[in-house]
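Numbered from 1 within each chain, the chains take letters A, B, ... in sequence-line order.
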Amino acid sequence: MGRYVLRRLVLALPVLLGVSVAVFLMIELVPGDPATVLAGDTASADQVERIRHELGLDQPLPVQYLRFVERLAHGSLGESTRTHREVLLEIAERFPYTLALALGAVTLSTVVGVGLGILAAINRGRAGDHVTMGIAIVGLSVPTFLLAIVGIIVFSLALHWLPVTGARTWQSYILPIVALSLHSAAVKARITRSSMLEVLGQEYLRTARAKGLRERLVILRHALKNALIPVTTIVGLQFGALLGGAFIIENIFGWPGVGRLAVQAIFNRDFPLVQGTVLLVAVAYLLSNLVVDVLYAWLDPRIRYG
Amino acid sequence: MASAVLAAAARRRRVTPLLRRVRRSPPLVVGLVLFGALLLMAAFAPLIAPADPIAIQVSERLQPPSAAHLFGTDDFGRDLFSRVVWGSRLAVRLGTLSVLVAATGGVALGLVAGYYRGWVDNLISRLLEVVLAFPGELFAIAIIAVLGPSLDNLIVALGLFGWPGYARLVRGSVLSAGQREYVEAARAIGARASRVMLRHILPNVVAPVIILSATRFGGALLAGSGLSFIGLGVPIPQPEWGAIMATGRDYIGSAWWIVVFPGVLIATAVLGVNLVGDGLRDVLDPRLGD
């Protein structure tokens, strides 16, 4: 197991390197002079020159990249051109709000999605199966922002049960979490169903039934445990993606999270902040994928030795 | 004469089972009807739409749905029904072109990686992993942040984001096809690499590529309209469905129709392609189904 973890870590290094190069090159690809872009729209000519010199933008690209990595190694992602605060600090302030949404959405969508998937699998071919899978494919097709807006119209504006925006009370969490859960629940329902069906056809289940175990025990104790292995991967991937911030949902609900921060930074042309969020989110996603892989190998020994 | 009849009969025998399988799959039929309706709407938009989708008519602003304005009007008095109908063109263009960008790039990379293996495969795989390191819409958002919001940039962003999916799919099929006798035979008689790839290996991966394309088409519609909705996609005066919904954000309390109608259209179009994808998977590749 230790060797497996080490191997995965080593394999992640070139990807990390590639991500850092991609984020570094973002500024070069923006039309216009990088120093002007990084200094922001409000900067004076003196400030632009200062930034050009400080960041070494007059140096060749490889030298610039090395200095970029050196600054990263010292824990600095640069300064926001808007607030003139350290980018890392800006992101750290917003992260707890995004984390709360991610945890809520992953929990809700897993409970609902896996539940529906099991329901469909044990009713295979019957009405329960068709209805559940029908709900799932509609869930995959409805834009989350439509659900969010209909939620606001009904529960906030008409019924006055829930606040429209912000993150002040616990009620503020309900609509964003429900909207975020829609797609992930639908994906998990479909995967749980097909994974359950595959497991239900296996011989050890026939053995369990032949022993005279009741069907409920067969399903809960024997089938579910193995059927949930692929579901774990999806849960991990979705959680990783949600950690990066729900760009659209956070914007609709005026949520003070990372996703809204990134979008605002793009509108403000605050490029150090854009680069910082893109880099941190990608790294967080990579790490959570790594954890998922390790967890997967732990659950399914065939992968470790395969 | 007799041989022609026999040949026709043989052709029919080959064709009928597929058609019958299509007809026996209700999701596929429903999906094809919905997708066909989207294509027709896009093709005949100038005939279907009663008004100019961009023309401003301030006296008519924020009208609820009525006989004169089927879907109501927006804050500039533009006829929403006409805007939504014209929007189907942008939706078809976004879906088709982003899938084309994703499929051609991804299939080519997958073919090359799987055929040559070794360091070529390694290089391509690491490159695609960098793309995969960006979750969900972040990759598209990063590209839009650099290039600026527009339909073309959205197509590029969503297309590039689709590369790894196709490449992985094709690479896997090529690796297994590479072991088969007919591929070795083609190589042995001196066929060039490009010929082996295009003539002998590519046909094997057509079915899964089509299935993936249906899913990606729907994904592009959702991601594209979502980004337009928050101002990072197609700019607002254009009748893109997400952009239309964005104009209604400030009026959801008073003019719900501006967000609801385009939203329902997006959901219906995406449902159509998703059903087509599911149905095709069952019909073309029973192994992938359950």
Got a second to check how far A:Ser20's OG is from A:Leu25's CG, nearest 0.5 Å? 9.0 Å
Testing the 3.5 Å rule here: is there a donor-acceptor pair between the side chains of A:Ser141 and B:Asn274? yes
Would a 4.5 Å heavy-atom cut-off, applied to side chains only, mark A:Ile249 and A:Trp255 as touching? no
Steps toward salt bridge (charged side-chain N to carboxylate O under 4.0 Å, His left out) verdict (B:Asp152, B:Arg93): CA-CA 10 Å; B:Asp152 289 344; B:Arg93 204 160 125 208; 3.7 Å; yes
Which residues in residues 127-135 of chain A have any heavy atom closer than 4.5 Å to a heavy atom of chain B? none
Polar contact flag, side-chain donor to acceptor under 3.5 angstrom, A:Ser80-A:Glu90: no
Interatomic distance, B:Leu94 atom CG to B:Ser228 atom OG [nearest 0.5 angstrom]: 7.5 Å
With respect to B:Leu28, which candidate in B:Asp278, B:Val33, B:Leu275, B:Leu280 satisfies the side chain to side chain contact (heavy atoms under 4.5 Å, CB included) definition? B:Leu280
Which region of A:Ile252, side chain (C-beta onward) or backbone (N, CA, C, O), has a non-hydrogen atom less than 4.5 Å from a non-hydrogen atom of chain B, or is it both or neither? both
Contact check, side chains of B:Trp241 and B:Val84, non-hydrogen atoms, under 4.5 Å: yes
So for B:Phe134, is it side chain, backbone, both, or neither that comes closer than 4.5 Å to the heavy atoms of chain A? both
Contact winner vs chain B - A:Ile149, A:Val142, A:Leu29, heavy-atom pairs under 4.5 Å: A:Ile149
Per-residue tally against chain A (heavy atom, under 4.5 Å) across B:Pro149, B:Gly253, B:Gly242, B:Ser225 peaks at B:Ser225
Contact origin within A:Ile153 toward chain B - heavy atom pairs under 4.5 Å: side chain
Proximal component of A:Val274, with respect to chain B [non-hydrogen, under 4.5 Å]: side chain
